[in-house]
Amino acid sequence: MLEKTFNPKDVEERLYQTWEASGAFRAGNKPNAKPYTIVIPPPNVTGSLHIGHALNNTLQDILSRFERMRGRDVLWQPGMDHAGIATQLVVERKLAEAQTTRQALGRDEFIKRVWEWKAESGGAITKQLRRLGSSCDWSRERFTMDEGLSKAVLKVFVDLYREGLMYKANRLVNWDPRLQTAVSDLEVENIEIKGNLWHLKYPLAEDADLFIVVATTRPETMLADQAVAVHPDDERYKDLIGKKVRLPLTGRLVPIIADEYANPEKGSGAVKITPGHDFNDYEVGKRHGLAMPNILTLDAKIGVDAPEAYRGLDRFVARKKIVADMEALGLLEKVEPVVHAVPHDEKTKTVELEPMLTEQWYLNVKPLAEKALAAVHDGRTKFIPQRFEDEYFRWLEDIRPWCVSRQLWWGHQIPAWYDAQGNVFVAESEADAHAQANQKHGAEVALTRDPDVLDTWFSSALWPFSTMGWPVNTPEFKRYYKTDVLVTMFDIIFFWVARMMMMGLHFTNDVPFHTVYIHARVVDEKGMKMSKTKGNVIDPLTLIDEFGADALRFALAIAAAPGRDLRMGRNRVEVYRNFCTKLWNAARFCEMNNCVRPETFDPNSLRSAVNRWVVGELVRTKTETTASLDAFRFNDAATGLYEFVWNVYCDWYVEFIKPVLSGADGDEKTETRATAAWVLDEILRLMHPFVPFMTEELWRVTGEQGPARSKLLIEEAWPDYSAVARDVAAEAEMNWVKTLISEVRSVRAEMNVPPSSKLPLVLKTASANEREWLVRHNDLILRMARLETAVAGDNFAKGAAQIVAGDGTAALSLEGFIDFAKERARLTKDLKKADDEVARVDQKLNNKDFVAKAPEDVVQELRDKRVEHLSVRSKVQEALRRVE
RNA sequence: GGGCGAUUAGCUCAGUUGGUAGAGCGCAUCGUUUACACCGAUGAUGUCGGCGGUUCGAGCCCGUCAUCGCCCACCA
């Protein structure tokens with residue numbers, strides 16, 4: 001028995017456990033089937049499920065369940081990312097609460113604590129993914145810091161080093177002074193802030209009364225100035241090139257140089273050059289062989305190489321002091337307020353990053369990028385929507401070396417060891433490094449390992465194949481790689497997608513996936529990006545608690561236009577909870593009317609038109625749903641199902657069959673019960689990828705009667721209706737019925753008769769004055785009677801006939817009406833088709849411009865067509881007359 | 001500065017090769033007659049952002065402008 005309402009809380013957990021225990025999620029269940037693989041974008045181990053995850057995983061789950069039902073051997077590979085910086089920060093915060101620091105614990109102990117923390121709370125997000133219904137193969141869950149994945153990381157690093165692509169270099173890098181680590185170009189967020197452009201006077205060495213004015217937003221860097229640059233063609237400064245200025249505050253002499261980098265239009269036209277603290281100046285410095293001193297410490301304070309007055313000052317304090325000192329010296333010409341973009345850390349957006357000269361590991365990604373570009377250009381991997389390919393191309397075409405080292409503790413430690421002389425030995429193991437060192441030195445020497453770890457995205461880049469056991473050529477790797485589709489968002493195309501493409505192609509010689517589906521970005525109801533600070537975050541778990549996972553999933557799926565913003569709010573989920581309830585109640589209707597699944601059911605042998613019609617609509621819906629999912633049009637698939645369930649099955653079909661089900665027993669009633677139950681069953685299959693919990697529960701309860709179910713719904717097959725003939729006549733009849741009913745509805749409105757929801761019963765429930773009207777319009781009655789005969793058998797017609805005959809104005813013969821209705825529907829349709837064709841042709845031919853401009857043979861062809869259509873038309877018309 | 005996306009009913013959005021504008025929510029009126037008030041019926045509401053072009057015909061194609069959003073670059 002079905003409860004009056006569906007209570008998600010009561011069934012979701014139980015059903016999930018049933019599924020998991022059944023082994024339905026496991027890959028390899030169908031060894032002879034074609035594999036279908038999705039690797040999950042691994043959530044951060046520190047993470048908790050947010051609404052974006054909910055969308056991402058709903059879509060993956062829909063695909064997984066759909067393909068599983070279509071008979072594929074599905075591997076949905078789950079796992080988590082160690083998320084270097086994020087995780088380290090979380091654990092450090094915990095340490096701070098315990099009044100200690102990672103430095104106090106030491107590296108090994110700290111790492112141990114991180115693993116402990118991971119063991120404690122690391123499962124949170126996977127539990128939440130389960131609540132959503134995600135059918136991942138949990139037996140294959142991976143973590144980027146697992147032994148196997150770490151081995152893959154080591155091998156990749158060492159191989160790239162041996163190929164000469166991985167190297168160490170001392171360069172200017174984006175430095176986070178708070179975390180004290182390098183970050184990659186991608187992790188820099190430029191934020192516009194209000195600042196000042198200070199115009200500083202630098203006295204010439206030869207004559208302190210003469211000045212050259214430089215403009216800067218960062219006066220504190222003048223302590224490390226190495227030159228003043230002017231444009232070689234700048235008339236104002238031509239004579240000064242080669243002379244020297246005496247830097248105020250430090251008293252150092254630096255040259256005035258000519259370099260095209262100086263832009264005469266900007267500032268004063270002369271620019272101070274600080275190669276150690278600015279990316280452009282760094283290039284200028286290299287060109288002119290300038291020294292590159294660093295006057296900042298790693299936490300962005302003024303360092304020991306600066307004049308004593310400034311040492312130890314924070315960079316912003318030093319800035320104020322330097323401006324004040326310059327002003328006091330009369331060397332501040334003017335201050336101009338400017339808005340300019342300043343690099344910030346991407347995570348908190350609160351720390352200004354500092355260009356810092358440090359030694360880091362770099363990966364020359366250029367050769368890898370070329371392969372990655374080619375693979376998308378030649379279509380081995382395609383993006384949905386396609387426009388993201390352009391972004392991908394743009395980034396890869398202009399790619400710069402990837403700074404892969406991070407000065408953190410949590411992550412994959414770089415497999416490089418140094419001897420006392422600083423020689424580097426890169427190896428997959430310490431023993432191997434020692435072996436290399438021994439060979440070089442001819443004796444055992446002490447080695448120290450590089451303390452740095454790799455960028456988190458380095459291991460993420462290997463995810464599609466490292467999770468399959470690579471570099472070992474495992475059966476899984478052979479079977480499930482390459483994967484089929486990557487479902488992700490546009491914000492990590494560069495961070496992750498492009499890098500997986502590069503690494504995948506380089507190390508496996510194949511693309512990691514043939515399709516990249518870029519899903520929407522979920523924003524709040526006002527279109528604002530969700531963020532904790534704004535307080536507009538919608539918690540998917542709260543929504544699941546309130547409306548059920550099914551409602552949330554359907555709400556996400558039906559709104560899932562790729563690559564755009566998706567506004568999500570509570571009331572949207574409510575709408576689809578209502579839809580789920582509607583389906584539940586349709587099932588209750590069937591149950592109450594003893595619509596039990598028959599032992600066998602042949603959709604082709606149905607006699608009643610309404611049953612044949614609903615089967616046809618079902619077939620159409622299945623075809624469209626399949627096509628939509630094949631094309632990743634989740635919204636179209638969901639919309640089609642919504643409309644079929646609500647507008648076709650509930651609004652029309654259920655209403656139409658009520659009189660039959662309440663009528664006398666007989667073949668028609670038996671047939672209708674069977675059809676109602678069968679179509680409901682098929683709805684459950686089609687809906688299951690979207691709404692897995694409710695459909696599985698309905699599958700279970702409806703299985704309590706009729707033939708026993710052999711499988712869970714999750715294990716069932718996607719419908720195949722190739723043997724079901726679509727009954728065009730039944731569809732035409734139903735369209736006719738619907739048209740007539742709307743005629744009656746408008747008549748009722750005209751007559752001011754209260755509308756009724758049970759319109760197919762209009763004749764039975766007619767009020768006295770309505771009946772009177774109907775009698776007056778006997779013609780319409782007859783038509784209703786005829787069509788209802790065709791649709792629902794004798795019951796309707798009898799009802800109609802009773803009304804009419806009861807008033808003594810008409811009597812009705814029922815014979816021949818079925819054939820009549822069918823034939824008429826077919827002919828009317830043909831007639832309309834012919835009329836449309838003729839009208840279309842006429843429209844063209846009546847257009848003088850067209851006739852004048854179009855080529856002769858085209859016009860003649862249309863004339864011939866017109867004649868042809870007219871002859872068809874007259875034939876059809878004649879046939880129609882005969883029938884009527 | 002360069003690029004991309006959006007602009008359709010009060011709100012949120014569909015609209016797949018150009019052919020008479022759609023849904024849900026909301027609103028108004030009515031209705032508890034064998035599933036469902038998390039419901040049913042009916043109804044009102046649109047110069048499809050502006051202007052120009054191509055076409056017999058444009059929400060859809062082209063140009064241009066406007067507003068909003070995103071990405072990249074610059075950062076003296």
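In what follows, chains carry the letters A, B, and so on, assigned in the order in which the sequence lines appear, proteins first and then strands, with residues in each chain numbered from 1. Just so you know, these numbers come straight off a predicted model, no measurement behind them.
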Item to check | Closest-nucleotide ordering on RNA chain B, the 5'-leading residue of A/N263 and A/T581 | outcome: A/T581
Next on the checklist: So A/I273, base contact, sugar-phosphate only, or nothing? Heavy-atom distance under 4.0 Å.
Outcome noted: nothing
Checklist entry - Any side-chain hydrogen bond (donor to acceptor under 3.5 Å, both in side chains) pairs touching residues 186-196 of chain A, not counting sequence neighbours? => result A/S184-A/E187, A/E187-A/R406, A/E189-A/K349
Checklist entry - Side chain of A/C650: nearest nucleotide among B/C38, B/A35, B/C25? => result B/A35
Next on the checklist: If I pick the P atom on B/A23 and the same atom on B/A41, what distance separates them, to the nearest angstrom?
Outcome noted: 13 Å
Next on the checklist: Counting the atoms with a prime plus P, OP1 and OP2 as sugar-phosphate, which does A/R577 contact under 4.0 Å by heavy atoms, base, sugar-phosphate, or nothing?
Outcome noted: base
Checklist entry - Looking at A/A561 and A/A520, what are the two nearest heavy atoms and their distance? => result O-CB, 3.4 Å
Checklist entry - Has A/K4 got a side-chain N or O lying under 4.0 Å from the OP1 or OP2 atom of B/A35? => result no
Item to check | Qualifying residue for side chain to side chain contact (heavy atoms under 4.5 Å, CB included) with A/I241, from A/V230, A/D234, A/D259 | outcome: A/V230
Item to check | Side-chain N,O (A/R567) to OP1/OP2 (B/C13) below 4.0 Å | outcome: yes
Checklist entry - Which whole-number value in Å describes the distance from A/L641 CG to B/A23 P? => result 19 Å
Could you go over nucleotides 6-8 of chain B and give all protein N or O partners under 3.5 Å, atom names and distances?
none

Next on the checklist: Regarding A/V214, tell me which of base, sugar-phosphate or nothing describes its non-hydrogen contacts under 4.0 Å with the strands shown.
Outcome noted: nothing
Checklist entry - ring pair (Phe, Tyr, Trp, His ring centres under 6.0 Å) with A/F579: which of A/F547, A/F690, A/Y642? => result A/Y642
Item to check | Rounded distance in Å between the C1' positions of B/A9 and B/G46 | outcome: 5 Å
Item to check | Between B/C48 and B/G43 - C1' atom distance, rounded Å | outcome: 23 Å
Checklist entry - Does A/W678 have A/R597 sitting over its ring (NZ/CZ under 6.0 Å from centre, angle to axis within 45°)? => result no
Checklist entry - How would you label the contact of A/C590 with the nucleic acid (heavy atoms, under 4.0 Å): base, sugar-phosphate, or nothing? => result nothing
Item to check | B/C11 versus B/G5 - spacing of their P atoms, nearest Å | outcome: 25 Å
Please tabulate, one pair per line, each protein N/O and nucleotide N/O from nucleotides 69-74 of chain B that are separated by under 3.5 Å, including the distance.
residue	atom	partner	partner atom	Å
B/A73	OP1	A/R400	NH2	3.4
B/C74	O2'	A/K266	NZ	3.4

Checklist entry - With distance as the sole test, does A/R572 use its side chain to make a donor-acceptor pair with the main-chain N or O of A/R567 at under 3.5 Å? => result yes
Next on the checklist: Keeping A/T274 on the side-chain end and A/G276 on the backbone end, is there a donor-acceptor pair under 3.5 Å?
Outcome noted: no
Checklist entry - Can you check whether A/W652 has a side-chain N or O nearer than 4.0 Å to OP1 or OP2 of B/A41? => result no
Checklist entry - Which part of the nucleic acid, if any, lies within reach of A/W646 when heavy atoms closer than 4.0 Å are counted: base, sugar-phosphate only, or nothing? => result sugar-phosphate
Checklist outcome for this item: Between NE2 of A/H277 and C1' of B/C75 the distance, given in whole Å, is 17 Å
Checklist entry - To the nearest angstrom, how far is A/L661 atom CG from B/A35 atom P? => result 11 Å
Item to check | Closest non-hydrogen atom pair, A/P248 against A/K201 | outcome: CG-O, 3.9 Å
Checklist entry - Can you pull the side-chain hydrogen bond (donor to acceptor under 3.5 Å, both in side chains) pairs that have at least one residue in residues 583-592 of chain A, sequence neighbours excluded? => result A/N585-A/R588
Next on the checklist: If I pick the C1' atom on B/U8 and the same atom on B/U45, what distance separates them, to the nearest angstrom?
Outcome noted: 13 Å
Checklist outcome for this item: Encoded 5' to 3' (Watson-Crick or G-U under 3.5 Å; [ ] crossing; | other strand), RNA chain B becomes ((((((((.[[[[.)...(..]]]].(((((.......))))).....[[[[[..)....]]]]])))))))....
Item to check | Length of the line joining A/D651:CG and B/G24:C1', which is rounded to integer Å | outcome: 14 Å
Next on the checklist: Using atom C1' in both nucleotides, what's the gap between B/G69 and B/C30 to the nearest angstrom?
Outcome noted: 44 Å
Checklist entry - How far does the C1' atom of B/U32 sit from the matching atom of B/G40, given to the nearest Å? => result 10 Å
Checklist entry - Hey, do the aromatic rings of A/F634 and A/Y517 have their centres closer than 6.0 Å? => result yes
Next on the checklist: Please classify the nucleic acid contact of A/D390 as base, sugar-phosphate, or nothing, using heavy-atom distances under 4.0 Å.
Outcome noted: nothing
Checklist entry - Do A/M222 and A/L200 have side chains that get closer than 4.5 Å, going by heavy atoms? => result yes
Checklist entry - Given atom CZ of A/F579 and atom P of B/G40, what is their separation to the nearest angstrom? => result 12 Å
What pairs of donor and acceptor atoms, side-chain ones from residues 1-11 of chain A against any protein atom, are under 3.5 angstrom apart with sequence neighbours left out?
residue	atom	partner	partner atom	Å
A/N7	OD1	A/K9	N	3.4
A/N7	ND2	A/D10	OD2	3.3

Next on the checklist: So A/A559, base contact, sugar-phosphate only, or nothing? Heavy-atom distance under 4.0 Å.
Outcome noted: nothing
Next on the checklist: So if I take every side-chain heavy atom of A/V575 and compare against B/U12, B/C36, B/G24, which nucleotide ends up nearest?
Outcome noted: B/G24
Next on the checklist: Is the ring pair A/W395/A/F494 parallel, tilted or perpendicular, if the boundaries are 30 and 60 degrees?
Outcome noted: parallel
Checklist entry - Looking across every strand, which nucleic acid part, if any, lies under 4.0 Å from A/D491 by heavy atom: base, sugar-phosphate, or nothing? => result nothing
Checklist entry - Expressed in angstrom and rounded to an integer, what is the separation of A/L556 atom CG from B/G24 atom P? => result 20 Å
Checklist outcome for this item: Nearest-nucleotide check on RNA chain B, A/R633 vs A/E643; residue mapping nearer the 5' end is A/R633
Checklist entry - Base, sugar-phosphate, or nothing: which does A/K272 touch, judged by heavy atoms less than 4.0 Å apart? => result nothing
Item to check | Spacing of the C1' atoms in B/C60 and B/U17 (rounded, Å) | outcome: 10 Å
Checklist entry - In whole angstrom, what separates A/R588's CZ from B/C36's C1'? => result 7 Å
Next on the checklist: Whether the side chain of A/S268 engages the backbone of A/V213 through a donor-acceptor N/O pair (distance < 3.5 Å, no angle test) should be reported.
Outcome noted: yes
Item to check | Whole angstrom value for the distance that separates C1' of B/A35 from CZ of A/R673 | outcome: 15 Å
Next on the checklist: I'd like to know if the side chain of A/D550 and the backbone of A/F693 have a donor-acceptor N/O pair within less than 3.5 Å.
Outcome noted: yes
